[in-house]
Amino acid sequence: MQNINTYDFKGKRAIVRVDFNVPLNADFQVTDNTRIRAAVPSLKKVLEQGGSLILMSHLGRPKKAEDKFSLRHIISEIEKQLEVPVLFAPDCMGKEAARMAANLKPGQILLLENLRFYAEEEGKPRNLAEDASEEEKKTAKAAIKESQKKFTATLASYADCYINDAFGTAHRAHASTTLIAAHFPNDKMFGFLMENEIRAIDKVLKSPEHPMTAILGGAKVSSKIAIIEHLLNKVDNIIIGGGMSFTFIKAGGGNIGDSLCEDDQMTLALEILRKAKEKGVKIYITEDVIAADAFDNNANTRICPVDRIPDGWMGMDAGPRTLETWEKMIMNSKTILWNGPVGVFEMPAFASGTLHLAEFVARATAKGSFSLVGGGDSVAAITQMGYADKVSYVSTGGGAMLEYLEGKVLPGIQAIRE
Ligand code: AMP
């Protein structure tokens, strides 16, 4: 397997799958350039070594070519970060893109237009009639898979080597994230961002220092069940907080008032508790909550035990006793994995639990523990709380990180490794 550190880029054209799916405001200005900045080390490496760059990404979820999803809006932001002018191919396919790629000189950058302007990128048929028969669906699927091969080969024809630095889409088997790798059997590699993400998650999943604690919060149990099951084989402790606690508490016979609950997940919740006991994994569910009489920042609040929440009230944040238990747990852990807020942190009145948790994790990290935060809303929470640079690693790949934590093999990673 090639390595971006040791590969000789001199005179080579590198096609790089980046994740430039950045938020834009109404004037099409980039409002958060984190993802562009995250790709800079890999891109600079190629340029400094005398190579040239062909950048490819998706932006949003277009169903056809549409200006509001055009990557041309982010050219100036890339230029600002790399301090090099960026050439733009207004179509990622066609003669113009091929010509521009062929003419690239060392040190130059070519950005291709949004890959998802073509259905071939994702390899799923578009514009299928709602009442299409199974046969029609099958034919359309086969047709797009066929044209996807040509699409992928065309992208590959632009370059001498392939770098995947888009961890955020590593769980998708798309043309630019997975299929293209086969065209570069000896010249494919991860970018620095991808390498760092994989290293951080592998450190937690494959060689953690014990005791290890996973903190799982967020709204729903259903989206975290697979992760909990996988982690039961790895961790010593699991903290379960946020909206998903209540499904466990109700399943155990507690009164949760009007708190969030997934009744259809209660059997599974009990099953998890049973398995955890069997495996000797300790589970720490919310003990007391800050309950509110409405899902509103200005609602009346009271502190009550999690299994005695009155009707008409709902658990919105972790209470003081819970935080005391969690603090001890976290301060005693050598490895910490955190996914999901433990309260409705978007409302200031119910952000305190998540804020305290961020502080505990930061303190444990300062004491020498390894902490990985990521997936879904966790990154927004830790950034909003101002603790992003006080933990060991903040993963940028929401869905990809969650699938990795479930123990799934991510196609984007496998394509480079195999
Ligand atoms: P997730 O995307 O699964 O990480 O869930 C994040 C969401 O869970 C955030 O929008 C939180 O507001 C929400 N959440 C956390 N705790 C609660 C709670 N006690 N009740 C309702 N929603 C919650």
Side-chain angles (χ1 to χ4, degrees), residues 168 171 214-231 238-251 254-263 265 268-269 272 284-323 326 337-358 361 372-385 388 394-406:
H171 57 319
I215 307 162
L216 298 170
K220 292 184 167 174
V221 188
S222 49
S223 62
K224 306 280 161 86
I225 287 280
I227 297 178
I228 302 178
E229 296 241 8
H230 188 60
L231 290 179
I238 299 183
I239 286 175
I240 294 181
M244 61 189 236
S245 334
F246 305 110
T247 303
F248 286 86
I249 299 298
K250 186 171 175 188
N255 290 327
I256 58 162
D258 291 358
S259 305
L260 202 66
C261 185
E262 290 171 281
D263 287 347
Q265 300 291 319
L268 256 175
I272 283 179
Y284 296 85
I285 306 180
T286 313
E287 295 166 39
D288 58 347
V289 290
I290 299 178
D293 61 356
F295 194 76
D296 190 314
N297 189 46
N298 299 313
N300 296 308
T301 61
R302 63 201 278 183
I303 294 171
C304 53
V306 69
D307 56 353
R308 269 173 282 159
I309 304 175
D311 287 347
W313 292 74
M314 59 194 90
M316 299 285 276
D317 198 7
R321 214 175 65 215
T322 307
L323 291 174
W326 289 353
L337 168 69
W338 179 13
N339 166 262
V342 294
V344 185
F345 77 102
E346 299 92 335
M347 299 182 192
F350 309 107
S352 160
T354 304
L355 180 60
H356 275 92
L357 204 62
V361 176
L372 168 63
V373 181
D377 268 347
S378 325
V379 177
I382 194 112
T383 309
Q384 182 182 316
M385 309 277 165
V394 178
S395 170
T396 58
M401 159 140 173
L402 295 182
E403 290 200 14
Y404 206 117
L405 291 180
E406 288 174 11

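Whatever order the structure lists ligands and atoms in, that order sets their numbers, starting from 1. As a basis for the values below, the full set of heavy atoms in this structure was taken, side chains included, without hydrogen atoms, waters or symmetry mates.
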Contact with ligand 1 for K224, non-hydrogen, under 4.0 angstrom: yes
Contact check: S223 vs ligand 1, nitrogen or oxygen atoms, below 3.5 angstrom: no
Region of E346 engaging ligand 1 - heavy atom pairs below 4.0 Å: side chain
Closest to atom 15 (C) of ligand 1 among G343, A219, G217 (heavy-atom distance): G343
Within-cut-off N or O pair, G242 and ligand 1, under 3.5 Å: no
Considering all heavy atoms, the nearest V394-A388 contact: CG2-O, 3.5 Å
Under 3.5 Å: donor-acceptor pair, side chain of D307, backbone of I249: no
Nearest option to atom 16 (N) of ligand 1, as decided by whichever heavy atom of G353, G398, G243, G340 sits closest: G243
Short N or O distance, G315 and ligand 1, threshold 3.5 Å exclusive: yes
Residue that, paired with V289, satisfies side chain to side chain contact (heavy atoms under 4.5 Å, CB included) out of T301, D317, I309: I309
Member of V221, I215, I285, T286 meeting the side chain to side chain contact (heavy atoms under 4.5 Å, CB included) criterion with I240: I285
Approximate separation, where rounding is to 0.5 Å, of L357 CG and W326 CH2: 6.5 Å
E262 and S222 side chains, donor-acceptor separation under 3.5 Å: yes
Numbered atoms of ligand 1 (with element) below 4.0 Å of F246, judged on heavy atoms: 19 (N)
